[in-house]
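The structure under discussion appears below in the form of structure tokens.
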Amino acid sequence: MRALRFAASRLVGTLLVLLVVVFITYVVFYLVPSDPAQLSCGRPCTEQNLALAREFMGLDDPWWRQFLDFLGGIVTGRTFGVGATSIHCSVPCFGYSFQQNTDVVVLITERLPVTFSLGLGAAVIWLVTGVGAGVLVALRRGSALDRVTLAGSVAGVSAPVYLVGLLGILVLGFTLDVVPVGGYVPFAESPVDWAWHLVLPWLVLAFSHAAVYVRLTRSQMLETLGEDYIRTARANGLRESKVIGKHALRNVLLPIVTVFGLDLGTLLGGAVITERVFSLPGLGGLLIDAVTQRDLPLLLGCTLFAAFLIVLANVLVDLCYGVLDPRARLT
Amino acid sequence: MTSPLLVLDGVSVAFGIPAATEVSYSVAAGEVVAVVGESGSGKTVTAMSLLGLLPGTASVTGRALLAGRDLFTLPAGELRAVRGGEVGMVFQEPMTALNPVFRIGDQLAEVVRAHRECTAAQAKQRTVELLALVGLPATARRKYPHEMSGGQLQRVVIAMAVANEPTLLIADEPTTALDVTVQAEILQLLRDLRGRLDAAVLLITHDMGVVADLADRVVVMHDGRVVEQGPVAEVFEAPRHEYTKRLLSAVVSLSTPPPADLPDATEVSPGVVARGEHVAVTEPTWSVPDVPGDDPVLTLAGLSVSYGRFRAVDDVSLHVSRGEVLGLVGESGSGKSSIAGAITGLTAIGGGVVSLAGKDLTRLRGRELKRARGRIGMVFQDPASSLNPRAKIARSIAQPLVLHGSLRGAELTAKVDELLDAVQLSTSLRERYPHELSGGQRQRVGIARAIALDPELLIADEPTSALDVSVQARILDLFRSLQTELRFACLFISHDLAVVERLADRVAVLHGGRVVELGPARDVLTEALHPYTRRLLAAAPVADPVLQRARREAWLALGHTE
Amino acid sequence: ANDPKTTGAEQSKAEQGGTLRILNEGQTLNYDPAKSSSLPITSLGFVHRRLTGWLNAEGKQVEVVPDLGDTGKASDGGKTWTFTLKEGQKFSDGTPIRSKDVKWGVERTYAPAFSGGLAYHKQLLVGGADYRGPFEGKSLDSIETPDDKTIIFHLVRPYGDWPWITSTPAFAPVPEGKGAEADYSEHPVASGPYQLSEYQRGVKATLTRNPNWDKGSDQIRGGLPDQIVFQLGQDASVVSQRLVADSGDDKDAFGSSFASPAQLAQLQGNASAKQRLVTSKTGALAYLALNTQKLTNPKVRQAFQYAVDKTSYQIATAGSAQLAGDTATTLITQGIAGREQFDLYPTQPAGDPEKAKQLLAEGGFPNGLENLDFVVSKSNDGPTKAQAIQASLAKANIKVNIRVLDADAYEAETNLAKDAVYDLTLASWQPDFPSANANIQPLFASSEIGNGGYNTSRYSNPEVDKLIEAAQSEVDPAAAGKKWVELDKKILADSPVVPLIYTRNSFLHGSKVANFFIADFPSYPNYLQAGIAK
Amino acid sequence: MSEHVGAPARSVGAAIRAMLRRDHWALAGAVTIVVLGIAAVAADLLTAIEGQDPYSYSTGALNPETGGPAGVLGGVSGAHWFGVEPLTGRDLFAIVVHGARTSFLIGLAATAVSVLVGVLIGAGAGYLGGWYDRVVTWTADVFLGFPYLVFMIALGAVVPSSVSRPLLLILVIGFFGWPSIARIVRSQVLTLKKRNFVSAARILGASPWQVFRSELLPNLWAPVIVLGTLSIPGKIGLEAALSFLGVGIPPPTPSWGRAISTAVDWVSTDPMFLFFPGVALFLATWAFTVFGDGLRDALDPKTDVRR
Ligand SMILES: Nc1ncnc2c1ncn2[C@@H]1O[C@H](COP(=O)(O)OP(=O)(O)OP(=O)(O)O)[C@@H](O)[C@H]1O
Ligand SMILES: Nc1ncnc2c1ncn2[C@@H]1O[C@H](COP(=O)(O)OP(=O)(O)OP(=O)(O)O)[C@@H](O)[C@H]1O
Ligand SMILES: [Mg+2]
Ligand SMILES: [Mg+2]
Ligand code: NI
């Protein structure tokens, strides 16, 4: 019963969040000085052509009208234009990108596997190495290892992903020629090639993300090691690996899981730069295209999707709290 | 005599300043050695030094030989085998000793599996056995530490320590949170361990009754040094050192043993019998009704508290009048702390009314609530976790003063020092952090904080369990004088029946979440009506080795099973 | 030293066969002729032929030449144009290409669903102003197709450059009745040497041979490689690094975007890569537009002609004058027929701040100008270039504040807004076809202010408007050329813009890509002639 | 003595002093921070000593072939201590020290804003729970899910240029940073509030604010310090990105972020161009991180746990 109520409230919350995100995006979009119809106008662009393009794209209606049309489209589908050239966008219609001549839903689903492969793979790497290194340096606080890891992780956050990616390509891709420099091979086609093509992007992304995990793990670990139950675990003759890896780590995980949820949520919405550097056709590129070309339907679709992922990740994280720390169980 | 199992040879522990100095004593196999002494005298740090469990700020010197091997220089691998294997350790503060995020059963099983090859099923089997050994149901396996009462946790920690049948058990205040019936069972368990496995027990305790009951020899510590040691009978009979004499003279015991036969009482309503003010239930599913009192500060009417489907407190009605001390005694896990939690608003109330000076607390909001709360002082059962780990002692004590009073600056400092003094703590401790104190010192900080505001209602949950009797006596004196002076109402929760007898005006006995008996302290503690109360009284140990042996046998004859 | 190499020095010979790879920054590639503004010599040319085409060869002035049809005959003083299609041309599906199909293709561009391509023809054809495409059942009567080979266009006014207009994508044939679907771009019916065989959005587009293409009738397409692969969504720096490394498939590749100054600098130190860099001789006119609505005093505007340091602009553009391109003094770009070189404001390339100050003083600003709003687009190194201008203007006491906008917001502000707030902006213009008309009309006709027009200096001069119209009507190229040069001088005398340089573009290609060159116009490599060497 | 009573757990000032005495690395961090701070404040003086300024073009210092700096090591010389910027010949030392003023200060201030807002809102959500928590969580989700790029572009166009850009940047960057801090703080508070010492304070009648200040906050420092220090480079990078979108510090005002993003393109021909501003950014982050680590240790009374 309580679980049900919780789920219902989260669902309502999620929908609310998504609605607000879309709404704000809509409003802000109208503040942005540009005219998407302009791109569909051609050169030279006469007033008449511009008006036609606007009408066809539905941009001549007042913005609230367009917003309602958009929402309506999700449940009823939409048709743009009339006659032979009309375009139908079937339920659930998250809009139609006139610039790409495709359903937004199709555009997003096409790119989903790439972004997911990139994001999840990198996440696994940085989580394991970041938390692992964090634990290690917590145990060797003040040692040379600690100092080197500190410098390394600071370099990781300070260096632009773009630079790291480029250097990775130059060194590992060209000079040493050990890994491919980009492109995406679907998992279904060849799992080995899939992984092989993603190794470098994974490492690059992981390098830039790991720092927070290292530092966070380290500091939380140091806090936890002073707790009485760690003493109990030791007094009971548990192996140090168990004391640290289980008793301490479990109590350290809460903030880490939170950061992870945040990172993963945003990452699954697209890692723009990494995707770009490694020519991976992922969602990030799509979103950037949508923004720079003022492709409102696509922008809304991507935003909605990214927001959905973020909310989802956060809901999962909240559920994790209860599992990780029974005291924080949702009431 | 064979060479002793454990020999401490000039062990000193210092945290910058010495905490234990040149401590030497030994424990032979099959022997129970009790370490008693002043709170803060270094009992715990000495014991912890043996297994290398002191924080890095401690420096340890001397030798500690376990069966000939020096524990201080043991390689890590061997030390691990010793910890929890050959030597079991019960920690003084059970409520923080368990990992909050794992289930009890898993933590127990883990200890079992750390020292012997066994399957998950076998470990589980052993877990259930261990829980039964300490009087906990098998369902306790699935609980998390925060879902258990203080006494239950203490038993889990004991179960953990004996899990691998150690040859030496170091038990630091193992029964502080246990009511005397359970305590008796635990002592029986220890005795058993010794009898069956020829295990040695190093017992740290303040309870002279327990010492009398169990120990072969006594080591008395004061100010970080061993001031006297010898066979228990000798020391109790003829203490030599000044401190030992003071200690033993401070021991309080229950005045008279309960009469063998039930006093007669009249049935006033179905299931309830009474003798004047003194009432008890005869049906197991009843709670006694409250007796009317004048000028009640606290009134509980039909209070119940539930955790999920489990009803921890069931239809409890009580009151505490101005200037009165109501002692609340009862079985471990019977809901005492839950009642305290309900009054202070920490635990959600399942039903009934809690009112303070006529005002329903659950209805108060905002400023009024804050004012009402300012009138309640609370001593937590678990002093360790009720102090902010990052706040110095002085600040913790000053906190209520800052929140409600107008004292600032030097006045505040003076008041804090005054409070420290009142609870027998040196003002040099004011700049320490909670983890840098001994258990008893922490507990006194909790008391100082609770009385700082001159509360109208004081709720004290086992406030003296970690104090040695000499300090305890002075704290009790303080209590009493404060009480006569300020006439606050006090709900005093304790397992120590002797203390309750000395302090309380009336006593309520809690059993399974219900008040089974209620009445003037003398009446309840001398002429108990309810069978549980009688068992309780019978189980209370006295600080006389000879007498206690007799009492134990009597109690065993009573049949301690329910 | 002003003689850049427009072909790789030791290019080996292009041969038939192989796969040509084109590394593209953009995520999309649009093969719908109605929506394209592609030059006749680049991507779209692989798949679609047009009524006319450009003969674009090294060292030769670009000419309009027959493609599907001839180059047209004017009548009625340049208001009516008649074209005849070549014999035996077929679509990739084997059906013959008729004049109707060309007409259909043009009509299709009027459909609101398919707008977006070059639209010079739209207002010129009679009835075009209110025509809404063939899918609503009406046809555009000003295009006549008396038979399958003949197509006649009726214009609203005489227009000498019409044969250039018919080389825009709109004049590629679309089989009559087809192309109603929005994704026509993903499976267009081809008339050129290749057809689009696979299109993966954001990843790549693969072109394979069109069996029905008639090589003999096509003088502008080499059709050498067997296959052409566009790799989409590539990062410019990565592309450049790959091409420098020149390994594996990248040997067969070239990048479709200009090499940036940093990349050029890197190439200077790499002999092998330097060999493979192709730089145009000339190119788009880069200019500083002065908003004539705000800087109303011509004297003040003329001061800018002297204040600007064109050499530092060159360095900011490409690192050296040699790679950046010659300093510009005229509006008509190099390589355009009829162009005349002149300089109304002679000074050294680094500018003459003193002279500028003097002009300012004459214009009423003895203490210089302050707080001018200088808006630039963030794309194409805009901010770097703007800072070079800013620094040089500062020397002449002209203090400007740079305002960087993202490309689209920039367009909205400079091209769309009716009333502009900026005082200065940086712009660059490459004509859509090699005629002075395409140099001048879009930038200085008053009809091109706002609403998507490119008159960013907001220059409005009725006299100039009239002269532009007159020049456009001139059918005789030589006579027209004279008129345009006159306009060039006339406009510059008013100083609405400061011509900066004729921007050279540099492209890098793999070692096996052969016959990769840039002719005088446009400053882009000719994709259609490139091939793979063995 | 009396100042300790009632003050938040361990006075931060005292902790810092104690730390600097004991922890040499933290001291090194502190010194670096101070040096960078001084460089930022005294940028004009420093560049005057060098004899350069960050705005003057000196194309003479460039290699006429490439537009890169003439000479070795990016043109490092007595006149140009760090060499010059490619394509412009502006002095790199001047750019780095003046850039410190913009980037360093904006990065710091923006971090301060997001940490402040994040901690307050997050702690409130975790501690108070209920509707407040839900609203905060949702709002944070909205912020996180919202394509801020669009927002920035709009902002760049809507906010008049008379509004102080550094202030705008600090607010904007700071404001978009709070949700992640808030979520982490919230998660910690969820656990903390079940601890007895928090309950104890509540029983004593401490208001939520008092509980927050004296019970929660001292126990939240560790993650907050970590997240705060590590977010500085991100914020500096964002400042550069925003400059391109028209919200940032307009060129030619030097900034590390912009210098670095330009320099990335030049990394193979002129690595020094990346090196100097890059090292400055690295040092700043490193300094704050070691300083933060030291502070964490100093604030943690149990810091010397036995290993
Ligand atoms: N959060 C909880 N969830 C579930 N059960 C709980 C929880 N807290 C307490 N209990 C159970 O409620 C009962 C009463 O607990 P309470 O702490 O009030 O006992 P107590 O009388 O104070 O015992 P003790 O003397 O051992 O401290 C116990 O059986 C305990 O296991
Ligand atoms: N970590 C520490 N840092 C500094 N001093 C400490 C630390 N731990 C304990 N002490 C001090 O060492 C002394 C001995 O403490 P210990 O815990 O051994 O006392 P105890 O005899 O067990 O007392 P109690 O009966 O109150 O538990 C006390 O004065 C205490 O304040
Ligand atoms: Mg102790
Ligand atoms: Mg209790
Ligand atoms: Ni003493």
Side-chain angles (χ1 to χ4, degrees), chain A residues 9 13 16-18 20-21 24-25 28-29 31-33 139 142 147 150-151 153-155 157-160 162-163 166-167 170 211-212 215-216 218-220 222-223 225-226 254-255 257-259 261-262 265-266 269 287-288 291 299 302-303 306-308 310-311 314 317-318 321 325 327-328, chain D residues 25 129 134 137-142 144-147 149-151 153-155 157-158 179-180 183-184 186-188 190-191 193-195 219 222-223 225-227 229-234 237 260-261 264 267-268 274 278 281-282 284-286 289-290 292-293 296-297 300-303 305 307:
Chain A
S9 112
L16 207 71
V17 167
L18 297 183
V20 172
V21 168
I24 298 180
T25 311
V28 169
F29 191 85
L31 290 177
V32 176
L139 297 180
R147 299 300 162 192
L150 173 80
S153 49
V154 169
V157 280
S158 307
Y162 190 74
L163 171 73
L166 209 59
L167 291 182
L170 283 181
V212 172
R215 305 317 297 166
L216 209 53
R218 177 186 179 276
S219 88
Q220 294 296 109
L222 286 175
E223 306 258 300
L225 286 178
L254 206 57
V257 162
T258 312
V259 181
L262 290 169
T266 23
L287 180 66
I288 290 301
V291 173
L299 179 66
C302 289
T303 303
F308 172 72
I310 285 165
V311 174
N314 285 338
V317 163
D318 278 356
Y321 291 169
D325 189 343
R327 290 168 302 182
Chain D
W25 283 90
R134 248 167 276 174
T137 316
W138 291 342
T139 318
D141 284 352
V142 168
L144 292 165
F146 180 69
L149 212 59
V150 186
F151 180 76
I153 294 172
L155 208 63
V158 171
S180 43
R183 283 208 68 106
I184 287 147
R186 173 178 172 270
S187 84
Q188 286 295 86
L190 279 182
T191 300
K193 78 166 173 184
K194 295 282 160 85
R195 298 270 194 99
N219 289 287
I225 286 173
V226 168
L227 292 169
T229 51
L230 288 181
S231 79
I232 292 174
I260 290 171
S261 56
V264 167
V267 67
S268 49
L274 180 65
L281 175 61
F282 172 84
T285 316
W286 174 85
T289 311
V290 286
D293 275 355
R296 193 217 71 83
D297 288 355
D300 181 1
K302 294 191 195 168
T303 213
V305 281
R307 291 177 287 271

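None of the values given here were measured: they were computed from a predicted structure. The figures that follow rest on heavy atoms only: side chains count, while hydrogens, waters and symmetry mates do not. First the proteins, then the strands, lettered A, B, ... as listed; each starts at 1.
Taken from CZ in F146(D) to OG1 in T25(A), the straight-line distance is 5.0 Å, to the nearest 0.5 Å. Atom OG of S187(D) sits about 9.0 Å away from atom CG of D318(A), to the nearest 0.5 Å. Distance check, rounded to the nearest 0.5 Å: CG of L16(A) to CZ of R134(D) gives 12.0 Å. Going from atom CZ of R296(D) over to atom CZ of R218(A) covers 6.5 Å, rounded to the nearest 0.5 Å. Rounding to the nearest 0.5 Å places CG of L262(A) at 9.0 Å from CG of D141(D). Atom CG of L254(A) and atom CD1 of I184(D) lie 10.5 Å apart (nearest 0.5 Å).
For a residue to count as touching a neighbouring chain, one of its non-hydrogen atoms must lie under 4.5 Å from one of that chain's; by this rule S153(A) does not touch chain D. Neither the backbone nor the side chain of L18(A) comes within contact range of chain D; no heavy atom of the residue lies under 4.5 Å from a heavy atom of that chain. If you measure heavy-atom distances from L144(D) to chain A, the contacts under 4.5 Å come from both the backbone and the side chain. R183(D) touches chain A through backbone and side chain together, each having a heavy atom under 4.5 Å away. Only the side chain of P160(A) comes within less than 4.5 Å of a heavy atom in chain D; its backbone stays farther off. Heavy-atom distances place both the backbone and the side chain of V142(D) under 4.5 Å from chain A.
Heavy-atom pairs under 4.5 Å with chain D were tallied for V212(A), L287(A), T266(A), V317(A); the largest tally goes to V212(A). With chain D as the partner, the residue from V157(A), I288(A), L31(A), V257(A) showing the most heavy-atom pairs under 4.5 Å is V157(A). Ranked by heavy-atom pairs under 4.5 Å with chain D, the list S158(A), A155(A), C302(A) is led by S158(A).
Taking each heavy atom of V28(A) and A154(D) in turn, the nearest pair found is CG1-CB, 3.6 Å.
Between D325(A) and K194(D), no side-chain nitrogen of the basic residue sits less than 4.0 Å from a carboxylate oxygen of the acidic one, so the salt-bridge criterion is not met.
In this structure, the side chains of S219(A) and D293(D) stay at 4.5 Å or more apart for every pair of heavy atoms. Using a 4.5 Å heavy-atom threshold, the side chains of N314(A) and T137(D) count as separate.
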Decide side chain to side chain contact (heavy atoms under 4.5 Å, CB included) for I225(D) and R215(A); before the verdict, give the C-alpha distance in whole Å, the side-chain angles of both, and the deciding distance to 0.1 Å.
CA-CA 10 Å; I225(D) 286 173; R215(A) 305 317 297 166; over 6 Å; no

